[in-house]
Amino acid sequence: MKKNKILSLALVVFASLFTLSCDEDPIVVEENEVPNGTLSMVYSVQVKQSSLSSGRTQGLAGVSVTVNQNGGIQTKTTDASGIVSFDNMRTGYVSVFVAAPEGFSSMNIQDEIYCYDCEYDNSDVEQVESDRLDVILPKQGATLTGKLFADVDFSGVIGTAETLPNTAVVIAKVSSDFEPNVYTTTVQNDGSFAFTNLPEGINVTLSLNFKKVDTTVTPTEEKTFQFSGATDGPYTLDVNNPLSLGNIDITHN
């Protein structure tokens with residue numbers, strides 16, 4: 001997710017010149033070249049909710065946020081503005097887990113705490129700076145529907161009545177950065193399927209869990225059925241705008 005830094009994003013470079021002798025080159029110390037694990041940082045996380053239709057987001061209060069830096073684990077809850085702050089953090093990598101409230105997807109994030117406006121030298125390792133991460137939790141409740149046709153009699157042609165049977169399962173998957181990241185639904189008797197609980201604003205791809213034995217050949221073969229072309233996605237969904245894929249022809253190997 002995009003990081004929103006509290007301090008200025010302008011990278012202003014300064015130089016401190018130290019003349020050790022007439023024969024030696026000056027030492028240049030550049031801003032932001034801060035070794036990991038040195039500066040003490042206040043690390044804030046703001047949790048917001050997705051809102052594709054309005055284009056606006058608002059903070060989510062009461063959300064549990066856990067940070068893990070070098071085995072040091074802290075858990076706090078966001079305030080009314082969706083913000084939580086952790087003291088005594090250090091520059092460097094950190095793992096963040098946002099445990100979503102009902103109706104949203106949780107998130108696992110790998111971030112780097114960075115000092116954008118630090119004036120650092122080796123004698124100044126305890127100065128306190130700030131960094132912030134914005135996290136937008138996807139709302140759940142987006143719908144995705146369609147109807148699946150397939151050559152289930154292995155005639156070589158998909159007939160008008162050859163819908164995929166209700167033993168087939170459609171799988172919708174998102175990045176493993178989100179929890180849950182796998183959703184399933186069963187095909188109905190007429191070949192239709194419907195998801196009603198998918199997350200919005202992130203890529204969703206589709207696959208099938210269905211196999212059938214082709215008895216028209218000798219020896220018989222078990223065929224795996226799958227989406228073809230671009231019909232597996234990815235799709236970016238909006239909870240306020242249902243998506244119907246219409247009639248889909250399914251292929252097999």
Side-chain angles (χ1 to χ4, degrees), residues 1-5 43-69 73-86 89 93-113 131-146 168-187 192-209 227 230-245 248:
M1 305 298 294
K2 181 180 179 182
K3 295 197 292 185
N4 177 22
K5 302 306 180 182
Y43 182 61
S44 299
V45 178
Q46 183 170 31
V47 181
K48 301 177 181 180
Q49 58 178 299
S50 62
S51 185
L52 294 185
S53 297
S54 67
R56 297 188 300 271
T57 58
Q58 66 183 66
L60 280 173
V63 176
S64 176
V65 179
T66 299
V67 295
N68 184 344
Q69 188 176 54
I73 299 174
Q74 301 182 59
T75 300
K76 293 185 178 181
T77 303
T78 58
D79 62 16
S81 298
I83 298 174
V84 60
S85 295
F86 300 90
M89 302 292 285
Y93 295 101
V94 61
S95 297
V96 181
F97 176 67
V98 181
E102 185 177 356
F104 295 86
S105 296
S106 298
M107 289 185 64
N108 288 289
I109 304 160
Q110 297 298 314
D111 191 26
E112 183 175 5
I113 300 176
D131 192 6
R132 194 177 88 188
L133 171 69
D134 276 359
V135 177
I136 299 179
L137 292 184
K139 289 181 181 178
Q140 295 176 342
T143 61
L144 176 65
T145 62
V169 174
V170 184
I171 302 167
K173 191 172 184 180
V174 301
S175 167
S176 58
D177 293 338
F178 301 91
E179 296 183 16
N181 71 311
V182 177
Y183 302 79
T184 62
T185 189
T186 302
V187 174
S192 64
F193 72 93
F195 289 96
T196 60
N197 60 340
L198 297 179
E200 74 169 6
I202 55 178
N203 287 340
V204 176
T205 57
L206 300 178
S207 61
L208 277 171
N209 183 6
F227 290 89
T231 56
D232 61 344
Y235 299 98
T236 302
L237 308 176
D238 182 337
V239 295
N240 296 308
N241 293 288
L243 176 62
S244 175
L245 301 180
I248 304 171

Search all heavy atoms of [X] against all heavy atoms of [Y] and return the closest pair with its distance.
{"X": "F86", "Y": "V65", "answer": "CZ-O, 3.6 Å"}
{"X": "I83", "Y": "S44", "answer": "CG2-CB, 4.5 Å"}
{"X": "A230", "Y": "Y235", "answer": "O-OH, 3.6 Å"}
{"X": "P242", "Y": "T143", "answer": "CB-OG1, 3.1 Å"}

Does any donor atom in the side chain of S105 or Q140 lie under 3.5 Å from an acceptor atom in the other side chain?
->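 Yes - a donor-acceptor pair under 3.5 Å links their side chains.
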
With rounding to the nearest 0.5 Å, note down the distance linking [atom1] in [X] to [atom2] in [Y].
{"X": "N203", "Y": "T236", "atom1": "CG", "atom2": "OG1", "result": "4.5 Å"}
{"X": "L208", "Y": "F193", "atom1": "CG", "atom2": "CZ", "result": "8.5 Å"}
{"X": "L198", "Y": "K173", "atom1": "CG", "atom2": "NZ", "result": "14.5 Å"}
{"X": "D111", "Y": "R132", "atom1": "CG", "atom2": "CZ", "result": "12.5 Å"}
{"X": "I113", "Y": "Y93", "atom1": "CD1", "atom2": "OH", "result": "12.0 Å"}
{"X": "I73", "Y": "T75", "atom1": "CD1", "atom2": "OG1", "result": "7.5 Å"}

Going through the checks in order, is the side-chain contact (heavy atoms from CB on, under 4.5 Å) test met by T66 and N68?
-> CA-CA 7 Å; T66 299; N68 184 344; 5.6 Å; no

May I ask you to check whether over 12 heavy atoms, not counting those of K139, lie within 6.0 Å of atom NZ?
-> yes

Hey, are the side chains of [X] and [Y] touching, using non-hydrogen atoms and a 4.5 Å cut-off?
{"X": "F195", "Y": "V170", "answer": "yes"}
{"X": "E200", "Y": "D238", "answer": "yes"}
{"X": "Y183", "Y": "V204", "answer": "no"}
{"X": "T205", "Y": "D232", "answer": "no"}
{"X": "P199", "Y": "F178", "answer": "no"}

Going by the side chain to side chain contact (heavy atoms under 4.5 Å, CB included) test, name the single residue among V63, L60, L137 that passes it with Q49.
-> L60

Any side-chain to backbone donor/acceptor pair from [X] onto [Y]? Under 3.5 Å, distance only.
{"X": "K76", "Y": "S85", "value": "yes"}
{"X": "T77", "Y": "S64", "value": "no"}
{"X": "S175", "Y": "D177", "value": "yes"}

Check step by step if side-chain contact (heavy atoms from CB on, under 4.5 Å) holds for L245 and L206.
-> CA-CA 12 Å; L245 301 180; L206 300 178; 3.8 Å; yes

